Amino acid sequence: MSSNWVILVIAGLLEVCWSVGLKYTNGFTRLRPTVFTVATLCASMYLLAKASQGLPIGTAYGVWVGIGAMGAAILGIVLFDEPASPARIGFLALLLISIVGLKLTSHA
């Protein structure tokens, strides 16, 4: 895996952090969660921009969004008792297949 892909995965994991962090900010009224959320948002976007220098933007953005969406959905189930219906798990599996497919079909 090239360094651009490693950077992209880290950017996606940081997207999970800031998206879940939004829940803890209470509408940006709590200082520490807000600072954490803004910092991880900025870091995630910066790393996405760096990764996209060597990867196709459609692939980079798709993978970044996919990692973020999948991670946020899983943590929503684990941390916030969001539903884990068979259909939801099935669609998360499809999302994972899409992320892997984008990686496998990328020429970068």
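No experiment lies behind these values; they were computed from the predicted model shown.
Judged by distance alone, with hydrogens and angles left aside, the side-chain atoms of Ser52 form a donor-acceptor pair with the main-chain N or O of Ala49 at under 3.5 Å.
Residue Asn4 holds its CG atom at 11.0 Å from CG of Leu47, rounded to the nearest 0.5 Å. The distance from atom CD1 of Ile99 to atom CG of Leu94, rounded to the nearest 0.5 Å, is 11.0 Å. To the nearest 0.5 Å, atom NZ of residue Lys23 and atom CG of residue Leu75 are 12.5 Å apart. From Ile74, atom CD1 reaches atom CG of Leu79 across 11.5 Å, with rounding to the nearest 0.5 Å. Here the straight-line distance linking atom CH2 of Trp18 with atom CG of Leu41 works out to 5.5 Å at 0.5 Å rounding. Distance check, rounded to the nearest 0.5 Å: OG of Ser98 to NZ of Lys103 gives 16.0 Å.
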Show the numbers, then the answer: is there a side-chain contact (heavy atoms from CB on, under 4.5 Å) between Leu95 and Phe91? CA-CA 6 Å; Leu95 185 54; Phe91 285 116; over 6 Å; no

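Between Leu102 and Trp5, the closest heavy-atom pair is O-CH2, 4.5 Å. Closest heavy-atom contact between Pro83 and Ile77: O-CG1, 3.5 Å. Residue Thr29 comes nearest to Thr34 through the heavy atom pair N-OG1, 4.3 Å, listed as atom of the first residue, atom of the second, then distance. Across every non-hydrogen atom of Ala43 and Leu14, the tightest pair is CB-CD1, 3.8 Å.
Under the 4.5 Å side-chain criterion, counting only non-hydrogen atoms from C-beta, Phe36 is not in contact with Thr25.
Among residues two or more places apart in sequence or in another chain, the salt bridge (charged side-chain N to carboxylate O under 4.0 Å, His left out) test is passed with Arg88 by Glu82.
Note on Ile10: it clusters hydrophobically with Val100, by side-chain heavy-atom contacts below 4.5 Å among ILVMFWY residues. There is a path of hydrophobic side-chain contacts, each under 4.5 Å, that joins Met45 to Leu55. Transitive grouping of hydrophobic side chains (ILVMFWY, heavy atoms separated by less than 4.5 Å) brings Leu96 and Ile89 into a common cluster. Both Leu13 and Tyr46 belong to a single network of hydrophobic side chains, linked directly or stepwise wherever heavy atoms of I, L, V, M, F, W or Y lie under 4.5 Å apart.
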Only pairs under 3.5 Å count here: list side-chain donor-acceptor contacts from residues 56-73, not counting sequence neighbours, and write none if there are none.
unit_1: Trp64; atom_1: NE1; unit_2: Ala11; atom_2: O; d: 3.4
unit_1: Trp64; atom_1: NE1; unit_2: Ser44; atom_2: OG; d: 2.9

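Side-chain heavy-atom separations under 4.5 angstrom define the hydrophobic clusters, and the remaining members of the one that includes Leu31 are Val35.
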